[in-house]
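Here is the naming used below: chain letters follow the sequence lines, and residue numbers restart at 1 for every chain.
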Amino acid sequence: MKIRNDSGPVKWVLIGISALFLFVMLILPLVYVVFTALRDGLDSYAKAVTDPYALKAIGLTVKVTVITVLVNSAFGLFAAWLLTRYSFRGKGVLAALTDLPLSISPIIAGLVFLLMFGRQSFLYPFLDANNIRIVFAQPGIVLATIFVTLPFISRELIPVLNAVGTEEEEAAALMGAKGFYIFTQITFPHIRWAFFYGVVLCAARAMGEFGAVSVLSGHLNGLTNTMPLYIELLYQGFDFTGAFAMSSILIVMAVLILILRNILEYRGKKELEI
Amino acid sequence: MNNSNNKKKSYVIPGFRLSFGIVTGFLGLFVVIPLCVLALYSLELSFDEFIANVTSPRVFASYRTSISTAFTASLVNAVMGLMIAWVLVRYRFPGKRLMDGMIELPFALPTAVAGIALTHLTVTEGWIGRIFAKFGVSVAYTRIGITIALIFIGIPFVVRSVQPVLEKLEPEFEEAAATLGASPAYTFFHVILPEIFPSLFAGFSMAFARCIGEYGSVVFIAGNTPYETEITPLIIMAKLQEFDYASATSIALVMLLLSFFILFVNAIVQIRAAKLT
């Protein structure tokens, strides 16, 4: 990459506008949240984030995020492997279906699971008889979150797998290596940074998903309220200190995720260059 | 990699059946069946009822609000995203790595948090709202507020779609244009822009599709006044809370078709661009 050093006024005007735009749109909201959260002092901040309902919401968010990341890691690895290592009829359709959740409104994502497992569903008599609760319970939240973050990991893996090519794996296979061995010994070392990056993105979205979860949660405080839903509840009750205090936890997570993202991207790039 | 004449395909790399089975099974359970259920459920209404439902004045007004704000926000992001990508690729300046690193913040930050923060900043007493209030413009609880929330959501799409293409752009064309006496502006619009247009359009349409469906960040700042600042996802949500699943589903189906239409237009633009080169 060649950097042209035309240091005319145009350069600094463009940099200035970009920096101002990003400062107002991205930095200012973060600063504002932290400022408001701490406005009433550290004591009320600590009280807000250690409230029993707040702790329950944090616990549920962690649980949902962990399950989602595990399920989507497995799916993402298989999907990326399938879409880059074989050619078959209908591959384009599978690729499009994998990416589809990205362009579906979270509200619709919630709605489809509501229709599938809710009271009016053909499955409902069966679910009810077996005492399985999905809608307005934690399984629904998990399902919706998995749906919304479905493509996150495969999207990071596919370009890297395409760039790496299949020669090494074919050679290993011809020499008699089994699939699992090929994957762990040859493929995974190439894609691990991209994979971790996908996991980070997936976790970030899973933690913060609001619309889809909002449809399916039923908003039972302490039971089916995730952190974003709990923040909404506090906000609507005009408890701004509480809402911003909880938000500040998510902001710290977001900043950590960004730092991690940059480290992973840097390491991944370095490895591809070698 | 494999012999396409063979009817029965066999691959050198093992694991095709396993991964094919897992991926199709998973997609079937999580994507295909749920969307089919959505389509089937909307059949509970007769055709006339369906049309009446999705074209009622309040719903229609919400399409207008959703589409106009999402379109404006994506347009702003197309311009700003192109500028930011340009600055990040072409210039060297202090703080560049930081600027590059923060682009994904809207992906990392929960939308509800962004929503309440932007709302508080843009109410008339807020840090930003105060400035606008001097000119008699209120931001929060108007369409301007919705647009601002959607701009926030859409920032990474255009930057990350244009940036890699701009990086790969060979300097020869620009140098040739400059040698032939073209002004920098002429070079930009006639040499560089056509090259990066497909990626710009891809970023724009991805942002547009995302913004039309966005809920979390908008619902706080919108004010949600019927006919004015009520977005379509909010109408669906309201119908669900009234347990009017049939109406909610029919409106959702219209939104889904709109997303498919955006994806389709983008696919056509990308295919045509690929053919030209």
Inset, instruction - Name the region of A/Leu94, side chain, backbone, both or neither, that has any atom closer than 4.5 Å to a heavy atom of chain B. - result: both
Legend entry - Side chains of A/Ser105 and B/Ile212 in contact at under 4.5 Å (non-hydrogen atoms): no
Legend entry - Test item: A/Phe21 and B/Ile151 side chains (from C-beta on) under 4.5 Å apart, heavy atoms: yes
Legend entry - Residue A/Thr36 versus chain B: region with a heavy atom under 4.5 Å: neither
Inset, instruction - Identify which of A/Leu22, A/Leu201, A/Val255, A/Val200 forms the greatest number of heavy-atom pairs closer than 4.5 Å to chain B. - result: A/Leu22
Inset, instruction - Find the distance between CG (A/Leu28) and CD1 (B/Ile128) and round it off to the nearest 0.5 Å. - result: 5.0 Å
Legend entry - Contact winner vs chain B - A/Met253, A/Arg205, A/Glu265, A/Met227, heavy-atom pairs under 4.5 Å: A/Arg205
Legend entry - A/Ile146 versus chain B, the contacting section by heavy-atom distance below 4.5 Å: side chain
Legend entry - Greatest number of heavy atom pairs closer than 4.5 Å to chain B - which of A/Gly211, A/Gly208, A/Ala243: A/Gly208
Legend entry - Within the 6.0 Å centroid threshold, strictly below: A/Phe75 and B/Phe26: yes
Legend entry - Parallel, tilted or perpendicular: ring planes of A/Phe244 versus B/His120, cut at 30 and 60 degrees: tilted
Legend entry - Heavy-atom side-chain proximity of B/Ile116 to A/Glu232 below 4.5 angstrom: no
Legend entry - Heavy-atom closest pair, residues A/Ile182 and B/Pro14: CD1-CD, 3.8 Å
Inset, instruction - Under 4.5 Å heavy-atom distance to chain A, tell me which part of B/Thr249 shows up: side chain, backbone, both or neither. - result: both
Legend entry - Among the listed options A/Ile231, A/Thr98, A/Leu102, the residue most often paired with chain B at heavy-atom distances under 4.5 Å: A/Thr98
Legend entry - Interface residue of largest heavy-atom contact number with chain A, from B/Phe208, B/Phe107, B/Phe243, B/Phe93, under 4.5 Å: B/Phe93
Inset, instruction - Please state whether the side chain, the backbone, both or neither of A/Ile17 comes within less than 4.5 Å of a heavy atom of chain B. - result: both
Inset, instruction - Apply ring-ring contact (aromatic ring centres under 6.0 Å, His included) to A/Trp81 and B/Phe20, showing your working. - result: CA-CA 9 Å; A/Trp81 176 267; B/Phe20 186 80; over 10 Å; no
Legend entry - Heavy atoms from other residues, nucleotides or ligands near NZ of A/Lys91 exceed 12 (cutoff 6.0 Å): yes
Legend entry - Engaged part of A/Ile251 at the chain B interface, taking heavy atoms whose separation is under 4.5 Å: both
Inset, instruction - Report yes or no: does A/Tyr86 contribute a side-chain atom to a donor-acceptor pair with the main-chain N or O of B/Phe16 at less than 3.5 Å? - result: yes
Legend entry - Under 4.5 Å from any heavy atom of chain A - which part of B/Ile84: both
Legend entry - B/Tyr245 side, atom OH; A/Arg119 side, atom CZ - distance, nearest 0.5 Å: 8.5 Å
Legend entry - Spacing of A/Leu115 atom CG and B/Cys36 atom SG [to the nearest 0.5 Å]: 12.5 Å
Inset, instruction - Against chain B, label A/Phe240 side chain, backbone, both or neither, depending on which of its atoms sit under 4.5 Å from a heavy atom there. - result: side chain
Legend entry - Contact class of A/Ala19 relative to chain B, heavy atoms under 4.5 angstrom: both
Legend entry - Minimum-distance pair of heavy atoms, taken over all atoms of B/Val87 and A/Ser18: CG2-OG, 3.7 Å
Inset, instruction - Return the minimal non-hydrogen interatomic distance between B/Ala117 and A/Tyr32, and the atom names on each side. - result: O-CD2, 4.3 Å
Legend entry - Heavy-atom check, side chain of B/Leu35 versus side chain of A/Ile104, under 4.5 Å: yes
Legend entry - For chain B, the option from A/Ala177, A/Ala74, A/Ser103, A/Ala204 that forms the most heavy-atom pairs under 4.5 Å: A/Ser103
Inset, instruction - Mark yes or no for whether A/Lys11, through its side chain, and B/Arg90, through its backbone, hold a donor-acceptor pair below 3.5 Å. - result: no
Inset, instruction - Check the pair B/Thr111 / A/Glu209 against side-chain contact (heavy atoms from CB on, under 4.5 Å), numbers first and verdict last. - result: CA-CA 7 Å; B/Thr111 51; A/Glu209 179 49 37; over 6 Å; no
Inset, instruction - Against chain A, work out which of B/Ile155, B/Ile148, B/Leu18, B/Ile262 has the most heavy-atom pairs shorter than 4.5 Å and name it. - result: B/Ile155
Inset, instruction - Let me know if B/Leu105 has heavy atoms under 4.5 Å from chain A in its side chain, its backbone, both or neither. - result: both
Inset, instruction - Identify which one of A/Leu258, A/Leu30, A/Leu26 satisfies the side-chain contact (heavy atoms from CB on, under 4.5 Å) criterion when paired with B/Leu109. - result: A/Leu30
Legend entry - Region of A/Val33 that comes under 4.5 Å of a non-hydrogen atom in chain B: side chain
Legend entry - CZ (B/Phe188) with more than 12 external heavy atoms under 6.0 Å: yes
Legend entry - chain A interface, residue from B/Pro106, B/Pro184, B/Pro233, B/Gly95 that has the most non-hydrogen pairs under 4.5 Å: B/Pro233
Inset, instruction - Considering only heavy atoms and a distance below 4.5 Å, find which of B/Gly213, B/Ser217, B/Ser259 pairs most often with chain A. - result: B/Gly213
Legend entry - Between CD1 on residue B/Ile13 and CZ on residue A/Arg85, distance to nearest 0.5 Å: 5.5 Å
Inset, instruction - Measure B/Leu263 against the heavy atoms of chain A and call it side chain, backbone, both or neither at under 4.5 Å. - result: side chain
Inset, instruction - Measure up the B/Phe220 and A/Phe210 rings against each other and bin them: parallel (under 30°), tilted (30 to 60°), perpendicular (over 60°). - result: tilted
Inset, instruction - Might you point out which heavy atoms bring A/Ile15 and B/Met99 nearest each other, and give the distance in Å? - result: O-CE, 4.2 Å
Inset, instruction - Could you tell me which portion of A/Tyr181 (side chain, backbone, both or neither) has an atom closer than 4.5 angstrom to a non-hydrogen atom of chain B? - result: neither
Legend entry - Which atom of B/Ala252 lies closest to which atom of A/Leu111, heavy atoms considered: CB-CD2, 3.4 Å
Inset, instruction - Please flag which part of A/Leu256 lies under 4.5 Å from any non-hydrogen atom of chain B: side chain, backbone, both or neither. - result: neither
Inset, instruction - Examine whether an atom of A/Ser214 lies under 4.5 Å from a heavy atom of chain B, and if so say whether it belongs to the side chain, the backbone or both; otherwise answer neither. - result: both
Inset, instruction - Quick one: closest heavy-atom pair of B/Phe30 and A/Phe113, and the distance? - result: O-CZ, 4.0 Å
Inset, instruction - Count the heavy-atom pairs under 4.5 Å between each of B/Arg97, B/Met83, B/Met206, B/Gln241 and chain A, then report the option with the highest count. - result: B/Met83
Inset, instruction - Could you check A/Leu97, A/Val93, A/Leu100 and say which one makes a side-chain contact (heavy atoms from CB on, under 4.5 Å) with B/Leu27? - result: A/Leu97
